[in-house]
Protein chains: 2
Amino acid sequence: MSERVVPEGSRQRRRPTKRGAVLSEQLIVDTALRLVAQHGAEALSVRRLGAALGADPSALYRYFRNTDALLLAIADELIGKAQDGWTATGDWRSDLRSMGLRIHACYLSHPQAAVLGAYRTTGRLHETRAVERILGILRTAGFPDALAVRIYHAFVDQALAFAAQDAAALSLPPAAREKDAAVWHAVYGKLPADTHPHIAATFPLLAADMRDSGYPFALDLMLSAVEALRTRAGGGS
Amino acid sequence: MSERVVPEGSRQRRRPTKRGAVLSEQLIVDTALRLVAQHGAEALSVRRLGAALGADPSALYRYFRNTDALLLAIADELIGKAQDGWTATGDWRSDLRSMGLRIHACYLSHPQAAVLGAYRTTGRLHETRAVERILGILRTAGFPDALAVRIYHAFVDQALAFAAQDAAALSLPPAAREKDAAVWHAVYGKLPADTHPHIAATFPLLAADMRDSGYPFALDLMLSAVEALRTRAGGGS
DNA sequence: TTTACACGTCAATGGCGTTGACGTAAGGTC
DNA sequence: GACCTTACGTCAACGCCATTGACGTGTAAA
């Protein structure tokens, strides 16, 4: 069997579907994002996507080898959205900080899609750009290569992991989400001090703190530690 | 339709299956964990689990309302396993460190369950015990309550987020996982220095570092930052 | 105008979770 | 031991899923 997928660049014969849609990689990814935004991650199937596009489901296999390839394309689109309009200030700490918060915020604004792609390596355009930028921030700041790489890895994984985690919680079915939230008061608020003294002693603080994401504080902790490493490693400024 | 599931406590008629197995909630959860451990995440389906138990797949619906309930039961088992045999040394930093690494490692050994359970608040026994322990470590170390709570939150979310993230990557179908790994060499190794100078300059380091989880280093960074906070906040020792 | 083939369509395969109906054997009662 | 109730294992079916090979049509190049 010869390859079914034709790379987007060398595509020339575009033929409308029965229902008049003219397909393209971009149209498919956009439609998929819209589908997920409107009906949740579980609404994303080849069959439904085909229906939303006005095409036979199997037509998608002319554009993506399988659903996994499609997922990667969607994930990369998200990474791109997160970086749109970002510019470096030259201060490594605030640059990393803004980059991290942007990734987190962007993924949270497309929670269902984030869940699907946050742990993938796409190797696509937007991803390589992000990698290059973050590595650039660190190396320009004077971190030696080996250290810059380790920090890059920890930083990126942390941003994506928190983003995926918070996105996943956001995209639970409303019933399950409310029930999970209620557990804090229903269970933790009622634990007796003799069996759970530390929870009992801090409960109001705990319940308040757990309502928001732990990411911003975790990010600042990481950046502080990195700053300490930098001065010790002999950086200046 | 009356409820199909009978709570485990009030179960009295145990009837062997055709192939001689006597089912129970515990046996099902254990078998599911074994299935995942032996044959990978994709081996966990109701039909295969039924086969592994020597029972008709639909028999499971006498014990769990649906697969989600089954997966939550499995996840709860995981929280317990992560803490089994853990004891405090009294040194807050190494206690937090071992707790974080345990959670991470335990979740990674059952990826499928970890993915589903890591962002849920169950409020069940094992979970409250873990919360109490971690808060205890921090408060005993002298952190004031408000700070202890913020650190607790960042620490736990980070451990669970990384665990879920790495577990998700692990539970990809083998084909996709290998492809993601291969991308590092196929794409990042071939980026030219004029468009991606930082990636080109650090590629061997990058490819090597990305093979492992970023969590241990991220955890150490967090602990270092916390230690700095503690001395500044006026703790002793 | 002709020709080649890209690509949308169709039909089929084998997997999945889940459900309603059914009968059998287990347990309680006498 | 006989009888009843019903829990629960089994069967068959439904509708979903991703994926694939064959087919034919319309497009674009020659």
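- Within residues 41-59 of chain A, the residues having any heavy atom under 4.0 Å from DNA chain C are, by residue number, A:Ala55, A:Asp56, A:Ser58, A:Ala59.
- Qualifying side chain to side chain contact (heavy atoms under 4.5 Å, CB included) partners for B:Ala207, counting only residues two or more places apart in sequence or in other chains: B:His185, B:Phe203.
- Side-chain nitrogen and oxygen atoms of B:Tyr63 include at least one within less than 4.0 Å of the OP1 or OP2 phosphate oxygen of D:dG9.
- A straight line from CZ of A:Arg65 to P of D:dA18 spans 18 Å, rounded to a whole angstrom.
- Taking atom CG of residue A:Leu71 and atom P of nucleotide D:dC17, one finds them 15 Å apart after rounding to whole Å.
- Following rounding to the nearest Å, B:Phe64 (CZ) and D:dC8 (P) show an atom-to-atom distance of 14 Å.
- Not counting sequence neighbours, A:Asp76 has no partner by the salt bridge (Lys or Arg N to Asp or Glu O under 4.0 Å) test.
- Among residues two or more places apart in sequence or in another chain, the side-chain hydrogen bond (donor to acceptor under 3.5 Å, both in side chains) test is passed with B:Asp30 by B:Gln26.
- A side-chain hydrogen bond (donor to acceptor under 3.5 Å, both in side chains) check over residues 190-207 of chain B, counting only residues at least two apart or in different chains, returns the pairs A:Arg139-B:His198.
- Looking at the side chain of A:Arg62, the nearest of the listed nucleotides C:dT18, D:dT20, D:dA22 is D:dA22.
- A salt bridge (Lys or Arg N to Asp or Glu O under 4.0 Å) check over residues 99-108 of chain A, counting only residues at least two apart or in different chains, returns nothing.
- Rounded to an integer number of Å, the gap from B:Tyr61 OH to C:dT18 P is 4 Å.
- Residue-environment remark: CZ (B:Arg97) stays at or below the threshold of 12 foreign heavy atoms within 6.0 Å.
- In this structure, the CG atom of B:Leu23 is 13 Å from the C1' atom of D:dA7, given to the nearest Å.
- Side-chain proximity of A:Arg15 to C:dC10, C:dG8, D:dT10: nearest is C:dG8.
- Taking both residues in full, the closest heavy atoms of A:Leu96 and A:Phe155 are given as O-CZ, 3.2 Å, listed atom of the first, atom of the second, then distance.
- Rounding to whole angstrom units, CG of residue A:Leu60 and P of C:dT9 are separated by 10 Å.
- Here the C1' atom of nucleotide D:dG24 and the NZ atom of A:Lys18 are 12 Å apart, to the nearest Å.
- Minimum atom distance to the side chain of A:Thr67 is reached by D:dT19, of the listed C:dT9, D:dG9, D:dT19.
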